[in-house]
Each structure stands twice: as structure tokens, then as C-alpha cells.
Participant: 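Provided herewith is a single structure, encoded as C-alpha cells, for subsequent inquiry.
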Amino acid sequence: MEPVRDRRIRVTFNADTHASIQWNFKPQQSEIYVVPGETALAFYKAKNPTDKPIIGISTYNVVPFEAGQYFNKIQCFCFEEQRLNPQEEVDMPVFFYIDPEFAEDPKMAKVDLITLSYTFFEAKEGQKLPLPGYQ
């Protein structure tokens, strides 16, 4: 994969939580600049401010929609259950790249901004989970 050095893209990050989950969730950076064909690493932070364990699961989307086919996640926390114990805070990495073919697509010629957005939901809404170390 050869980086396309003359095509710089700003990637912004967004974080939302559904009403079903009481987590604090946010990106640790508002934006980074990448070139197609170059890997990048970004982080989100999630905290469970409650006194009970909560399992969350996230979905993501890419805007503009047409750029999504070129946005490739190598490592991501999406679609996997994440358990946070009471007051626990974790960093969640997203390792990604934009396919070099992005630079060759005429529909992407004017696209210089891509937004990666995640939304967390409670995975097992209403289920009571045992506290760690307790039966």
C-alpha cells in the first residue's frame, strides 16, 4: 500500500451515547490529518460513572457516506461487548487507514473531511450483572 502524499484528509471524531447507557464517552482528539494509504491511530475514552457494572456495544458510521467504502478499520472496539465496572474508565483505540483508491475516485475529488462517529448502547439492557469478586 503506497501512501498518496499529495492528498491530505482531515478526519474528525464524534462520540454519542444512547439514552439506554449511562456512560461518559468522548474522543480523545477532535481531529487528525492523514493521507490515503497511511495508517493512523485514534483513541476514545469511556467511563462508567455509576455504581454498577454496565456492558456496552457500539456502532459507527462514516460521513460522507460515500467515503465509508474507503475507510478501513484495522482494530476497533465497535460491535464487541465492552464491560465497564463501577467508576472504571478505559481508553479505546481505533487503528485505521483510508484506502489509496480514495484518491483516484472522481466522486471523492472534493472530499477533504471525513467524520468517524460512534454511538454506544447498553448491550444487555436491564440485566443485572454481578460485581467483580462477588457471587
Side-chain angles (χ1 to χ4, degrees):
M1 187 165 61
E2 192 69 34
V4 183
R5 300 271 174 222
D6 62 344
R7 186 73 195 274
R8 199 166 86 135
I9 302 163
R10 181 168 62 123
V11 178
T12 61
F13 302 92
N14 182 59
D16 294 302
T17 54
H18 185 266
S20 68
I21 195 165
Q22 297 176 32
W23 286 2
N24 299 326
F25 177 57
K26 64 183 179 180
Q28 291 191 33
Q29 63 289 302
S30 60
E31 65 184 27
I32 61 174
Y33 288 87
V34 299
V35 299
E38 178 180 77
T39 58
L41 181 62
F43 288 90
Y44 284 76
K45 186 176 289 290
K47 180 174 183 179
N48 175 3
T50 72
D51 60 356
K52 65 181 174 103
I54 297 175
I55 294 176
I57 194 163
S58 69
T59 61
Y60 77 95
N61 65 25
V62 174
V63 175
F65 175 77
E66 298 79 15
Q69 66 182 322
Y70 299 107
F71 199 97
N72 295 286
K73 291 178 304 322
I74 299 166
Q75 179 186 0
C76 172
F77 53 85
C78 53
F79 304 116
E80 293 180 7
E81 290 185 354
Q82 308 288 329
R83 177 186 168 124
L84 292 185
N85 291 315
Q87 305 302 316
E88 184 178 10
E89 183 174 75
V90 295
D91 292 332
M92 298 179 162
V94 180
F95 190 40
F96 69 93
Y97 69 94
I98 297 171
D99 193 299
E101 291 181 11
F102 175 92
E104 299 168 17
D105 186 338
K107 294 180 296 214
M108 298 294 108
K110 295 189 186 291
V111 176
D112 59 0
L113 170 64
I114 295 175
T115 300
L116 176 62
S117 182
Y118 285 93
T119 303
F120 256 102
F121 300 84
E122 188 165 354
K124 295 179 171 51
E125 195 168 343
Q127 180 185 23
K128 298 213 185 300
L129 299 171
L131 287 172
Y134 296 93
Q135 294 294 357

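In what follows, residues are counted from 1 in the order of the sequence shown. All figures in this text were calculated on a predicted structure; none of them were measured in a lab.
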Participant: Return yes if some donor-acceptor pair links the side-chain N/O of Asn48 with the main-chain N/O of Leu84 below 3.5 Å, else return no.
Facilitator: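 Side chain of Asn48 to backbone of Leu84: a pair is present.
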Participant: Does Ser58 use its side chain to pair, donor to acceptor, with the backbone of Thr119 at less than 3.5 Å?
Facilitator: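 Absent.
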Participant: State yes or no: do Leu116 and Ile32 share one hydrophobic cluster built from I, L, V, M, F, W and Y residues joined by side-chain heavy-atom distances below 4.5 Å, directly or via other members?
Facilitator: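 Per the 4.5 Å side-chain linkage, Leu116 and Ile32 are co-clustered.
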Participant: Does the side chain of Tyr60 come under 3.5 Å of the side chain of Lys73 through a donor N or O and an acceptor N or O?
Facilitator: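 Their side chains do contain a donor-acceptor pair, which is all the 3.5 Å distance test asks for.
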Participant: For Phe43, is there any backbone N or O sitting under 3.5 Å from a side-chain donor or acceptor partner on Gln29?
Facilitator: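 Yes.
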Participant: Is there a side-chain contact between Ile114 and Ile9 (heavy atoms, below 4.5 Å)?
Facilitator: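 Ile114 reaches Ile9 side chain to side chain.
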Participant: Is there a donor-acceptor pair under 3.5 Å between the side chain of Glu81 and the backbone N or O of Gly56?
Facilitator: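 No; judged by distance alone, with no hydrogens or angles, the pair does not exist.
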Participant: Below 4.5 Å, heavy atoms only, C-beta onward: do Glu101 and Tyr70 meet side chain to side chain?
Facilitator: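 SC-SC contact between Glu101 and Tyr70 confirmed.
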Participant: Does any non-hydrogen side-chain atom of Phe102 lie less than 4.5 Å from one of Val111?
Facilitator: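 In short, these two side chains touch, coming nearer than 4.5 Å.
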Participant: Please say yes or no: joined through hydrophobic side-chain contacts below 4.5 Å, possibly via intermediate residues, are Tyr118 and Val90 part of one cluster?
Facilitator: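 Yes; tracing contacts between hydrophobic side chains, which count when under 4.5 Å, links both residues.
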Participant: Are Met92 and Val62 linked, directly or through intermediate hydrophobic residues, by side-chain heavy-atom contacts shorter than 4.5 Å (ILVMFWY only)?
Facilitator: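 Yes: a chain of side-chain contacts under 4.5 Å links Val62 to Met92.
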Participant: Counting N and O atoms only, with roles assigned by atom type, does the side chain of Glu31 sit under 3.5 Å from a partner on the main chain of Arg10, one being a donor and the other an acceptor?
Facilitator: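 No, because the side chain of Glu31 does not come within donor-acceptor range (under 3.5 Å) of the backbone of Arg10.
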Participant: Hey, are the side chains of Glu89 and Lys45 touching, using non-hydrogen atoms and a 4.5 Å cut-off?
Facilitator: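 They are in side-chain contact.
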Participant: Would you call the rings of Phe25 and Tyr44 parallel, tilted or perpendicular if under 30° counts as parallel and over 60° as perpendicular?
Facilitator: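 Plane angle under 30°, so parallel.
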Participant: Answer with yes or no whether the side chains of Thr12 and Thr115 bring together a donor and an acceptor at under 3.5 Å.
Facilitator: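 On atom types as modelled, these side chains qualify, holding a pair under 3.5 Å.
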Participant: Any ion pair linking Arg5 and Glu38 (charged N to carboxylate O, less than 4.0 Å)?
Facilitator: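 A salt bridge links Glu38 with Arg5.
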Participant: In the single-linkage hydrophobic clustering (I, L, V, M, F, W, Y; side-chain heavy atoms under 4.5 Å), do Trp23 and Phe79 co-cluster?
Facilitator: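 In one cluster with Trp23: Phe79, yes.
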Participant: Is it possible for you to say whether Val4 and Met108 belong to one hydrophobic cluster, with membership spreading through side-chain heavy-atom contacts below 4.5 Å?
Facilitator: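 No: no chain of side-chain contacts under 4.5 Å links Val4 to Met108.
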